[in-house]
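To start, the structure itself, in C-alpha cells.
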Amino acid sequence: MTSYHFDWSIIPQSLPTLFKGLGLTLEVSVITIILGTILGFPLATARMSKHEIIRWPAQAYIEVFRCTPLLVQLLWVFYALPAFLGVTIPAVPSVCIALTANMTAFMAETYRAGMQSVPVEQIEAAQMLRLSRISILRHIVVPQAFRQQIPTILSIYVSLFKDTSLVSALGVADVTFQGNILSSQTYRPMEVFTTVAIIYFVIAFPLTLFTSAVERRIISSSTMGAPPRSGGFWRQLMPGRRPVIPIPAAATTPGAAGGSAGGEPVAGDQLLESRLTSLNPQGDPS
Amino acid sequence: MSTQEEALEQERPASDHFMDLSGITKSFYGRTVLKRVDFTLDAGEIAVLIGKSGSGKSTLLRIIAGLTKADDGDIDMMGERVVIGGEYQKTWKAARDQVGMIFQNYTLWPHLSVRQNLALAPKKVLGESDKVIVERAERALAEVGMAHHLNSRCGQLSGGERQRVAIARALMMRPRLLLCDEMTSALDPPVAAEVLGVITKLKEEEGIGCVLVTHDMAFAAKAADRVSYFEEGVIAEEGDPRRLLSEPETPGLRKFVDAVRF
Ligand SMILES: Nc1ncnc2c1ncn2[C@@H]1O[C@H](COP(=O)(O)OP(=O)(O)OP(=O)(O)O)[C@@H](O)[C@H]1O
Ligand SMILES: [Mg+2]
C-alpha cells in the first residue's frame, strides 16, 4: 500500500523534548482554564444585565470571540497589544491572554445557558420567601446552572487543551512546536506527529470519558424538580422550553391548558429578560 | 395624580378587610388585561378565582404577590395602604411578609433536599438557628401530611408531595395569606383533592387565608368562601360558590360552568 518505512527508533530520544513541550502546553491550558472559568462569570452576568450599557458591550465581546478564528485572535493579540499598549509582551503571556479572552467568552455563554435553564418559578418562589437577590443567585441559580453545564464546561476544557496547539504558530514551544522542530531535525514527521497525537489523546481521552460519565449521572438524577411524567429529560434540557404538563381530564376546562402570567414558554432573550427582571421584582419598592 | 388628590388618597382610612384591592388596572403592550378590578378578602377566607384562559387571574394574583406591578389601583392590607395608584408604598414590605405563593410547576428547588428547601429562607431571611428551623420544619411537614419526609430528596417525591412540601416551605415564613396559581392543575384529581384539603385545613386550624386560581369546581363548591368569575379582565360575577355555580347569572359564567360541569 505504501512504501513508507516507519522508524520509531528516534522517538525514545525525542520524548524528553516532547514532554518539555507538554509541560508548557499544560501550563498554558491550566492558566487559561482557571482564568476563563472565573472571568466567564462576571461576563455572563454583564451579558444578562438589564442595562443596555452593560449588556451590549458584553454581547459584542462574546460575539467577536465566537465569530473569529482562534488563530487570528492569537495573532491579533500578539501583534496588536504591543502596538496599542506600547509594550512588547512575550509570546507565552500573550497567548495566555488571547486564549483566556477567548475562553471567557465561551464560558460566559455556557453560564448564561445554565442560568437560563433554571425555571422562572423557582426564582419567583424564592422571592416570595423574601430571599435576597444574592442568596437567590448563590443558593438557587448558580449551583443548578453549574451542575447542569458541567458536561459542556468539561468539553470546553478539552477543546481548549487541544486548541493550545495553535500557539506553536507564534513560536511558543509547546508540544506541537517541539514536534515540528523534531520532525524537521529527524526527517521523521509521521513518527513524531503520531507520538504528539498520542500525547494529546492520552490526556484528552480520559477527560472525555469523565465528561460522558458525568453526563450520564446528570441524566439519571434529572427527573428532580419537574413534575413527574412531564415529557422526559431532553425536553427539560432545551433552553426556554418547558415540558408539556398533561392536564387531567376532569380538570380540563375552557382554558385549563393555558400558561400563567410570566410563565408562558418564551424563547431565548425574552426568557432571559423575564428571568432577570424577576430577580429584580418590579413590585418591590426596596 | 395631582398632589392634592394624592393627599386625599392617603387620608382616606384604609379598609377593614384583610385585603382590599380597588381599581386594579394592568396592560401588557397596550392590551388591557385587568380593567379596574375590585376585590376584597377577609382574614382566613378562601377565595377562588375562575375564568377562561387569559382572563387575567394569574395577573391579579401576581400583582397581589408583588411579582407584577399594576399600572393603577390601590391595595390595602391589614389596615394599611400598601399600594396607591399602582405605586408600592413603604408599608408594602411588612404586608408582603404575610403573603406566601405556590406555583403550578417547578415549585421546589430540585438540587436541595426537602430540609434545605424548608430551611433556606428561615435561615437567610429570619436568621433562625438550625435547631429551631428543624423543629419548625417538622411541624410544617406534619401539617401538610408529609411528616418523615424531612430528609427526602426532592427527586423522590411525587407531584402531589412536592406541592405539599411547597406549602410547608411557604408556612415556614408564617404567612397569613397564601396565593395559589393552578397549584393542582398538573395533578391527578384524587391527588389534587388531597393537596387542596391541606388548604382547607390551614384555614380551619391556623386561620390562613387563600386566594386560589383553580379549575377544580368541586373544591370551589366545597371549600371556597367566595368565587370570582373573571372575564376579559373584569370580575363579571362574584359570590357564594354554590349559588354562583348552580345559578350563574352572566352568560359567560353559564357557558363556563356548563363546560366544566362536575
Ligand atoms: N408578562 C406578560 N407579558 C405580556 N403579556 C402577558 C404577560 N403576562 C400575562 N400576559 C397576558 O395577559 C393576559 C392575562 O394573562 P393571565 O395569565 O393573567 O391569564 P389567566 O387568567 O391566568 O389564564 P390561564 O387560565 O391561562 O392561566 C393573557 O392574554 C396573557 O397573554
Ligand atoms: Mg394563569
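Values below: every heavy atom of this structure, side chains too, minus hydrogens, waters and symmetry copies. Letters A, B, ... mirror the listed sequences (proteins, then strands); counts begin at 1. Bear in mind the structure is a predicted one, so any value in this text is a computation, not a measurement.
- With B/Met101 as reference, A/Met128 is the one residue of A/Met128, A/Glu121, A/Gln127, A/Glu124 to meet the side chain to side chain contact (heavy atoms under 4.5 Å, CB included) rule.
- For B/Arg176, the CZ atom sits in a loose shell: 12 or fewer heavy atoms of surrounding residues, nucleotides or ligands are nearer than 6.0 Å.
- Counting non-hydrogen atoms of neighbouring residues, nucleotides and ligands closer than 6.0 angstrom, the CD atom of B/Glu232 reaches no more than 12 such neighbours.
- Annotation: side chain of B/Lys124 is not in contact with side chain of A/Ser132 (no heavy-atom distance under 4.5 Å).
- No more than 12 heavy atoms of other residues, nucleotides or ligands lie within 6.0 Å of CD1 in A/Ile53, so this atom counts as exposed by the packing criterion.
- Contacts between B/Ile63 and chain A at a heavy-atom distance below 4.5 Å are absent for every atom of the residue.
- When all heavy atoms of A/Ala125 and B/Thr107 are compared, the pair lying nearest together is CB-O, 4.1 Å.
- If you measure heavy-atom distances from B/Val33 to chain A, you find no contacts under 4.5 Å at all.
- Summarising the geometry, atom NE2 belonging to A/His139 is positioned 10.5 Å from atom CD belonging to B/Gln116; distances are rounded to the nearest 0.5 Å.
- Between chain A and the options B/Ala166, B/Ala121, B/Gly86, B/Gly56, the largest number of non-hydrogen pairs under 4.5 Å is found for B/Ala121.
- Contact record, A/Gln122 with B/Trp109: O-NE1, 3.0 Å, taken as the closest heavy-atom pair.
- Across every non-hydrogen atom of A/Leu129 and B/Met173, the tightest pair is O-CE, 3.4 Å.
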